[in-house]
Amino acid sequence: MAESNTDTKSSNQMWGGRFASGPDAIMEEINASIGFDKKLFAQDIRGSIAHATMLAHQGIISAEDKDKIVHGLNTILSEIEGGNFEFSRRLEDIHMNIEARLATLIGPAAGRLHTARSRNDQVALDFRLWVKEELQKTEQMLTGLIAAFLDRAEEHAESVMPGFTHLQTAQPVTFGHHCMAYVEMFGRDRSRVRHAIEHLDESPIGAAALAGTGYPIDRHMTAKALGFREPTRNSIDTVSDRDFAIEFLAIAAITGMHLSRLAEEIVIWSTPQFGFIRLSDAFSTGSSIMPQKKNPDAAELVRAKTGRINGSLIALLTIMKGLPLAYSKDMQEDKEQVFDAAESLELAIAAMTGMVRDMTVNTARMKAAAGSGFSTATDLADWLVREAGLPFRDAHHVTGRAVALAESKGCDLAELPLADLQAIHSAITDKVYDVLTVEASVASRKSFGGTAPSEVCKQIAFWRARN
Ligand code: ARG
């Protein structure tokens, strides 16, 4: 609840000119964003320095005032970084907390900083800068995760495992190939991140409240100083737009969905029943009652974080969906969603990178599982097509009978005696055994993007050159 508001009677020093009294305690509580937007302090100060420098360059404020403002802002930056800044909820948000402190430090010159801008373009700027940096961090983290998968794929380009559809054994694949599937997924995520950086790379500052300004500002100058490609082109859209935040959340949600699928596979693979991998002690936990247990908690939490990220995306889409142009205070609720999702995403990528790098792969278990469940049945059918000239549908039928026979005998396809196979179809020769092993099966799948070790190595080389 709100702390007691003893001197409500004084109106806000930044905008209270027409107000006879200050806000009710509840008004102050619902209105304040300083609790979370203080995260934007560095972006706010950078933006203000660029703005003040431009104002002086254009002759809108004096060089002396600009110097005082820049010096004061740098002092505030070190105060906040050093933990020596007192944030006040009465001053609502990061913008007014910094400006009020500037006034205390440098006096009346501080009042000139807000010339030709509004908090509407100011917050759009600060938040864009923050999201841009977060996207750049995400890009780097995804590169790290892709590198971890490339290393595991290289190491296991020839390790055979069962490939699944419907989580039922389908055809043998290599573990390297499976790892490379994740490289493709996280590679797409990274390219979405790069596109999002391109989309948001326009500077909002100078849009002012919504209509632009009559002062002779230079928006190209501030855009350049702040590292943006160019200024935004419509001042109304500029202060109404949160697409950059929604795009970040959408990318986070898709990446989270990929991380969650990986988490689910890790949970399954690390069960004693599968035994395909063993998580390192660093990325698993024990049970307080069952001494034998090694639990994949980190993977489970990655799976769960995805739910949070999805929630943030839906929350911001819903916040924005009915807003008339231009700015409405609803938009203040954008930040917590993005901050929370960013924290979850960073943690999830970091945890997954660690798990992938550290896990021990049990190639013997994978290989044994790869051969069970008649996983080379398709190879037998393909052999009948290739060597005996059968139409695929007939070959499928013949193979089905061989599978039924092996099942009734309790053996693998490769263990069926030639006489049994020939009784099913007379064209079968002992050459068929060459294709019934899992190694032969994977080696034969040389189609572009297929699971043959030779193909997997080509794909690894492709991605190495791009990572
Ligand atoms: N704290 C506000 C936000 O986060 C800053 C913009 C306030 N603008 C206004 N017109 N009240 O959105």
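Contact annotation: the side chain of K367 never approaches that of S159 to less than 4.5 Å [non-hydrogen atoms, C-beta and beyond]. Contact check for F374 versus T169: no side-chain heavy atoms found under the 4.5 Å cut-off. T376 has its side chain out of reach of Q171: every pair of non-hydrogen atoms, C-beta onward, lies at least 4.5 Å apart. Counting heavy atoms from C-beta on, the side chains of F175 and E155 never come closer than 4.5 Å. Looking at L413 and V403, their side chains come closer than 4.5 Å, going by heavy atoms from C-beta outward.
K431 places no side-chain N or O within 3.5 Å of a backbone atom of E387 that could act as its donor or acceptor partner. Checked by atom type and distance alone, the side chain of D412 never pairs as donor or acceptor with a backbone atom of A414 at under 3.5 Å. Judged by distance alone, the side chain of D121 and the main-chain N or O of I205 form no donor-acceptor pair under 3.5 Å. In this structure, T306 contributes its side chain and M257 its backbone to no donor-acceptor pair below 3.5 Å. With hydrogens and angles ignored, the 3.5 Å screen pairs a side-chain donor or acceptor of S78 with a backbone N or O of N74. Looking only at distances, no side-chain donor or acceptor of H177 sits under 3.5 Å from a matching main-chain atom of V160. In this structure a side-chain-to-backbone donor-acceptor pair under 3.5 Å is present from R152 to V356. Without hydrogens or angle criteria, D379 side chain to L436 main chain gives no donor-acceptor distance under 3.5 Å. Under a 3.5 Å cut-off, the side chain of T238 and the backbone N or O of N234 do form a donor-acceptor pair. Without hydrogens or angle criteria, S235 side chain to L210 main chain gives a donor-acceptor distance under 3.5 Å.
Side chains of E265 and H178: a donor on one and an acceptor on the other come within 3.5 Å. Residues R128 and S203 have side chains that never bring a donor and an acceptor to within less than 3.5 angstrom of each other. No side-chain N or O of R357 forms a donor-acceptor pair with one of S280 less than 3.5 Å apart.
For residues 251-262, the side-chain hydrogen bond (donor to acceptor under 3.5 Å, both in side chains) pairs, not counting sequence neighbours, are D189-H258. Counting only residues at least two apart or on different chains, the salt bridge (Lys or Arg N to Asp or Glu O under 4.0 Å) pairs with a member in residues 341-351 are K137-E346. The stretch residues 403-444 participates, sequence neighbours left out, in no ring-ring contact (aromatic ring centres under 6.0 Å, His included) pair at all. Pairs engaging residues 349-373 under the ring-ring contact (aromatic ring centres under 6.0 Å, His included) rule: none recorded [sequence neighbours left out]. Residue pairs satisfying the salt bridge (Lys or Arg N to Asp or Glu O under 4.0 Å) criterion with at least one member in residues 35-50, sequence neighbours excluded, are listed as follows: R46-E133. The ring-ring contact (aromatic ring centres under 6.0 Å, His included) contacts involving residues 332-367 comprise W130-F339, where partners must be two or more places apart or lie in separate chains. Judged as a salt bridge (Lys or Arg N to Asp or Glu O under 4.0 Å), not a single pair has a partner in residues 158-175 (not counting sequence neighbours). The salt bridge (Lys or Arg N to Asp or Glu O under 4.0 Å) analysis of residues 224-237, with sequence neighbours excluded, yields the pairs E202-R229, E202-R233, E230-R233.
In this view, F283 satisfies the ring pair (Phe, Tyr, Trp, His ring centres under 6.0 Å) rule with no residue, not counting sequence neighbours. Taking the side-chain hydrogen bond (donor to acceptor under 3.5 Å, both in side chains) definition, one finds that Q332 meets it with S33, sequence neighbours left out. Taking the side-chain hydrogen bond (donor to acceptor under 3.5 Å, both in side chains) definition, one finds that D394 meets it with nothing, sequence neighbours left out. Residues satisfying the ring pair (Phe, Tyr, Trp, His ring centres under 6.0 Å) criterion with Y327, sequence neighbours excluded, are absent altogether.
The nearest pair of heavy atoms linking I319 to L323 is O-CG, 3.5 Å. The two atoms that bring N120 and A208 nearest to each other are CB-O, 4.0 Å, heavy atoms only. Smallest separation of non-hydrogen atoms from A402 and L421: CB-CD2, 4.1 Å. The minimum heavy-atom distance linking A452 with A443 is given by the pair CB-O, 3.6 Å. I349 approaches T353 most closely through the heavy-atom pair O-OG1, 2.7 Å. Looking at every heavy atom in both residues, F87 comes nearest to I80 through CZ-CG2, 3.9 Å.
In this structure, K335 satisfies the cation-pi test against F127, with its NZ or CZ atom closer than 6.0 Å to the six-membered ring centre and inside 45 degrees of the ring normal. Under a cutoff of 6.0 Å and an axis angle of 45°, K132 and F228 form a cation-pi pair.
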May I have the step-by-step check of side-chain contact (heavy atoms from CB on, under 4.5 Å) for I277 and N362, ending in yes or no?
CA-CA 6 Å; I277 59 162; N362 189 333; over 6 Å; no
Inset, instruction - Just do the side-chain contact (heavy atoms from CB on, under 4.5 Å) check on D382 and F392 with the steps written out, would you? - result: CA-CA 7 Å; D382 287 340; F392 183 78; 3.6 Å; yes
| field | Candidate pair N97 and S88, rule side-chain contact (heavy atoms from CB on, under 4.5 Å), full reasoning | value | CA-CA 7 Å; N97 268 266; S88 153; 3.9 Å; yes
Between Q43 and L125, does the side-chain contact (heavy atoms from CB on, under 4.5 Å) criterion hold? Intermediate values first, please. CA-CA 8 Å; Q43 291 77 11; L125 169 65; over 6 Å; no
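Within 6.0 Å of the CG atom in L317, the count of heavy atoms belonging to other residues, nucleotides or ligands exceeds 12. Heavy-atom contacts from other residues, nucleotides or ligands closer than 6.0 Å to NZ of K329 number more than 12.
The existence of a salt bridge linking E415 and K409 is excluded, since no basic side-chain nitrogen approaches an acidic carboxylate oxygen closer than 4.0 Å. Comment: E455 does not engage R445 in a salt bridge, judged by the lack of any side-chain N to carboxylate O separation of less than 4.0 angstrom. Between R192 and E247 no salt bridge is recorded (no basic side-chain N to carboxylate O distance below 4.0 Å).
A perpendicular orientation is assigned to the rings of F274 and F276, their planes being inclined by more than 60° (bins at 30° and 60°).
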